[in-house]
Amino acid sequence: MPHSFSHFFLISLFLYTKCIAHRYTFTVKEVPYNKLCSTKKILTVNGQFPGPVLKVYKGDTIYVNVRNRASENITMHWHGVEQPRNPWSDGPEYITQCPIRPGSDFMYEVIFSIEDATVWWHAHSSWTRATVHGLIFIYPRPGTFLPFPKPDHEIPLVLGEWWKEDVREVVEQFIRTGADPNVSDALTINGHPGFLYPCSNSDTFELTVEKGKTYRIRMVNAAMNLIFFFSIAKHSLTVVAADGHYTKPLNATYITISPGQTLDVLLHADQNPKRTYYMAARAYHSSPVIRFNNSTTIGILRYISSSNAKTSSYPSLPNYNDTSAAFGFFTNIKSLYSGQVRVKISRRIISTVSLNLLACPNNSCQGPNGLRLAASMNNISFVTPNHVDILKAYYLHIKGVYGTRFPAFPPLVFNFTADDQPLILQTSRLATEVKMIKYGEAVETVFQGTSLGGGGIDHPMHLHGFSFYIVGFGFGNYNVTKDPSSNYNLKDPPYRNTATVPRNGWIAIRFIANNPGVWFMHCHFDRHLTWGMNVVFIVENGRGINQQMLPPPPDLPPCY
């Protein structure tokens with residue numbers, strides 16, 4: 001027996017070293033794609049949309065050489081990868097690096113650590129992530145096992161949006177006019193709109209399954225500005241991981257997934273194999289005044305023996321504005337492990353997340369009342385630098401790039417969720433302010449939604465460099481005296497990197513600041529990111545050598 005075990009271990013180790021490609025090449029280039037009766041060129045990685053799936057083992061370090069062969073700047077972010085001590089490869093443009101210029105290359109060092117399941121990668125400059133994105137599958141290291149029965153197969157599933165016009169033109173127009181951007185023309189599953197859209201009968205995603213098998217769907221919401229409901233007709237789904245971390249199994253007939261979030265879902269092929277079944281995704285949208293794409297994308301689940309099936313079943317999805325359904329799903333996700341949350345905190349930051357209005361010369365913009373739309377955290381609309389990135393400025397002590405006065409409490413205190421707000425509250429302040437955090441601090445951040453900007457909307461907030469526990473959630477105004485004792489879960493809250501603030505409500509997250517560096521926090525609705533709903537956390541170095549940032553790589557893209 002000992003000899004057999006050694007033989008098995010050596011074979012596993014051999015397969016481990018052979019199966020993992022530690023170096024990848026991403027060539028960013030424009031290629032033509034035809035959808036919705038028209039053709040346009042889109043940015044892709046290696047000509048693929050969605051982009052290639054990366055497969056790694058837990059704790060791996062990989063190197064990705066990004067070759068920019070497009071006509072615009074690009075950066076790459078490894079969403080959900082904590083990158084311990086390595087903000088240099090985190091990717092957000094002018095936050096941790098200057099962009100990779102056309103014709104240039106940059107080698108990203110992507111350090112995996114505690115991530116267990118599915119995360120993803122995407123471009124992080126302007127709106128280039130609309131088509132430049134892909135999944136990352138993380139596997140247990142040899143000799144360790146999944147906390148759920150091993151599935152028979154795994155399926156990548158990317159939910160997204162498609163514009164018939166060039167996305168660069170969408171961005172240019174809404175920045176120039178100050179108005180809301182044009183909504184997308186279609187929703188997509190793995191890049192396919194589905195047969196409900198024009199010219200899309202043959203552009204429909206199909207999943208073929210075998211009766212009795214279990215499929216692990218590794219999915220991401222890669223949409224630019226939409227939260228999705230998703231379901232598969234007649235089939236129950238079991239959530240086993242969220243944002244790269246295992247969860248307690250959650251059986252669901254539908255899921256809710258915000259931009260930036262990933263889910264690992266088990267699909268049991270246990271229905272009548274002589275029928276076909278539709279899968280569908282459509283928006284969850286809580287604002288009564290903000291425009292959105294209210295269409296539905298359809299895919300087909302087909303059993304191997306159902307090639308000639310004539311009957312199909314449509315899934316049942318919640319209504320687009322069903323807040324109870326959306327947040328009922330979010331709050332039912334629980335961490336697989338209990339008792340991991342730091343009970344005593346050393347730093348609390350409370351920040352409003354708001355839509356705002358800014359003055360426009362002669363009231364000439366196309367936002368409400370001739371003003372320009374904006375977004376803010378604690379009434380500051382973040383201004384991204386455009387000559388040198390914040391990480392370089394911090395590391396080299398370059399002055400004048402950013403300030404350190406992001407407030408730890410809303411500078412304007414009012415009834416944040418009242419139906420009617422005075423116009424004077426609508427205006428935010430333009431600034432580049434960061435929040436300095438000591439190494440090792442136990443941080444609680446509360447995001448308070450407001451009814452500014454026509455009643456407000458939900459906000460999927462993403463933190464780079466960390467996962468966090470979502471310890472609290474509620475509607476109305478956060479009460480620092482009552483809510484921590486009555487509306488917190490410190491036993492088994494979900495451990496995620498992107499959390500959704502409900503319209504006119506709040507969430508509270510906790511994390512330990514044990515990852516030194518410059519880390520971006522922003523809304524993952526890209527129009528809100530563009531408008532300034534962002535902040536930067538700078539976690540200072542600790543005393544130990546392993547508590548300090550790694551040195552910069554020699555080939556960082558230059559700033560101009």
Side-chain angles (χ1 to χ4, degrees), residues 35-36 49-50 53 118 120 133 135 151-162 184 186-197 200-223 226-242 250-259 261-284 293-307 309-320 322 325-326 329:
K35 293 188 185 299
L36 308 183
F49 170 68
V53 174
T118 303
W120 66 305
H133 55 250
L135 286 162
D152 299 290
H153 303 281
E154 56 186 14
I155 307 296
L157 198 150
V158 179
L159 302 177
E161 294 181 85
W162 182 269
S184 57
L187 314 180
T188 58
I189 300 175
N190 282 347
H192 301 284
F195 57 78
L196 295 181
Y197 295 100
S200 299
N201 283 342
S202 61
D203 200 358
T204 301
F205 172 68
E206 290 199 16
L207 170 60
T208 302
V209 300
E210 183 178 350
K211 173 78 172 181
K213 300 290 187 181
T214 298
Y215 296 78
R216 180 180 182 177
I217 299 176
R218 294 177 177 258
M219 67 185 305
V220 63
N221 181 350
L226 291 176
I227 301 170
F228 284 128
F229 288 126
F230 174 84
S231 182
I232 302 177
K234 305 294 185 182
H235 290 76
S236 178
L237 304 172
T238 304
V239 178
V240 293
L250 172 63
N251 294 325
T253 56
Y254 70 92
I255 67 167
T256 317
I257 185 167
S258 292
Q261 292 183 333
T262 60
L263 290 173
D264 289 59
V265 180
L266 300 183
L267 165 70
H268 307 286
D270 56 4
Q271 295 300 302
N272 183 350
K274 295 183 179 180
R275 302 187 63 176
T276 58
Y277 304 86
Y278 293 140
M279 63 184 72
R282 72 178 180 208
Y284 160 66
N293 185 331
N294 196 22
S295 61
T296 302
T297 177
I298 296 286
I300 300 172
L301 185 150
R302 191 187 308 278
Y303 283 77
I304 290 175
S305 56
S306 67
S307 58
K310 296 182 179 180
T311 56
S312 302
S313 298
Y314 281 89
S316 176
L317 287 170
N319 290 330
Y320 75 89
D322 192 336
F329 178 85

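Worth saying up front: this structure is predicted, and the values here are computed from it rather than measured.
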Point-to-point distance, once rounded to the nearest 0.5 Å, from CG of Leu267 to CG of Leu207
7.0 Å

Pro156 backbone acceptor or donor facing Asn190 side chain under 3.5 Å:
yes

Using only atom types and a distance under 3.5 Å, with no angle test, would you say the side chain of Lys35 pairs donor to acceptor with the backbone of Pro193?
no

Is there side-chain contact between Trp162 and Ser184, with heavy atoms separated by less than 4.5 Å?
no

For the side chain of Tyr215 and the backbone of Glu210, is there at least one donor-acceptor N/O pair under 3.5 Å apart?
yes

Taking Asn319 for the side chain and Asp322 for the main chain, is one N or O donor matched with an acceptor at less than 3.5 Å?
no

Identify the heavy atoms of Lys213 and Asp152 that sit nearest to each other, and give their distance.
CA-OD2, 3.4 Å

Would you say that Gln271 contacts His235 through its side chain, given a criterion of any heavy-atom pair below 4.5 Å between the two side chains?
yes

Donor-acceptor pair, Tyr314 side chain versus Ala280 backbone, under 3.5 Å?
no

Flag side-chain contact, heavy atom, 4.5 Å: Ser295 against Arg282
no

If you look at every heavy atom in Tyr303 and Arg275, which pair is closest and at what distance?
CD1-O, 4.1 Å

How far apart are the closest heavy atoms of Ala222 and Trp120, and which atoms are they?
CB-CZ3, 3.8 Å

State the CD1-CD distance between Ile300 and Glu206, to the nearest 0.5 angstrom.
4.5 Å

Is it the case that the side chain of Thr204 and the backbone of Ser200 share a donor-acceptor pair, with hydrogens and angles ignored and the cut-off at 3.5 Å?
yes

Please check if the side chain of Asp203 supplies one atom and the backbone of His192 the other of a donor-acceptor pair under 3.5 Å.
no

Could you tell me which non-hydrogen atom of Ile298 sits nearest to which non-hydrogen atom of Ile189, and how far apart they are?
C-CD1, 4.0 Å

So, for Ala186 and Asn293, which heavy atoms are closest and what is the spacing to 0.1 Å?
N-ND2, 3.5 Å

Any non-hydrogen side-chain atom of Leu196 less than 4.5 Å from a side-chain atom of Thr296?
yes

Close side-chain approach of Arg216 and Asp264, heavy atoms under 4.5 Å
yes

Under a 3.5 Å distance rule, please check whether Ser231 uses its side chain to pair with a backbone N or O of Thr253 as donor and acceptor.
yes

Is the distance between the ring centroids of Tyr278 and Phe195 less than 6.0 Å?
yes

Heavy atoms only: give me the nearest Leu250-Phe329 pair and the separation to one decimal.
CD2-CE1, 4.1 Å

For the side chain of Tyr254 and the backbone of Leu237, is there at least one donor-acceptor N/O pair under 3.5 Å apart?
no

Out of curiosity, Phe228 CZ to Leu317 CG, how far, rounded to the nearest 0.5 Å?
11.5 Å

Can any side-chain N or O of Glu161 pair as donor or acceptor with the backbone N or O of Leu187 at less than 3.5 Å?
no

Passing candidate, side chain to side chain contact (heavy atoms under 4.5 Å, CB included) with Ile217, options Ile232, Thr118, Ile255
Ile232

With side chains defined as the heavy atoms from C-beta onward, is the minimum distance between Thr262 and Met219 less than 4.5 Å?
no

With no hydrogens and no angle check, just 3.5 Å: does a side-chain donor-acceptor pair link Ser312 and Thr276?
yes

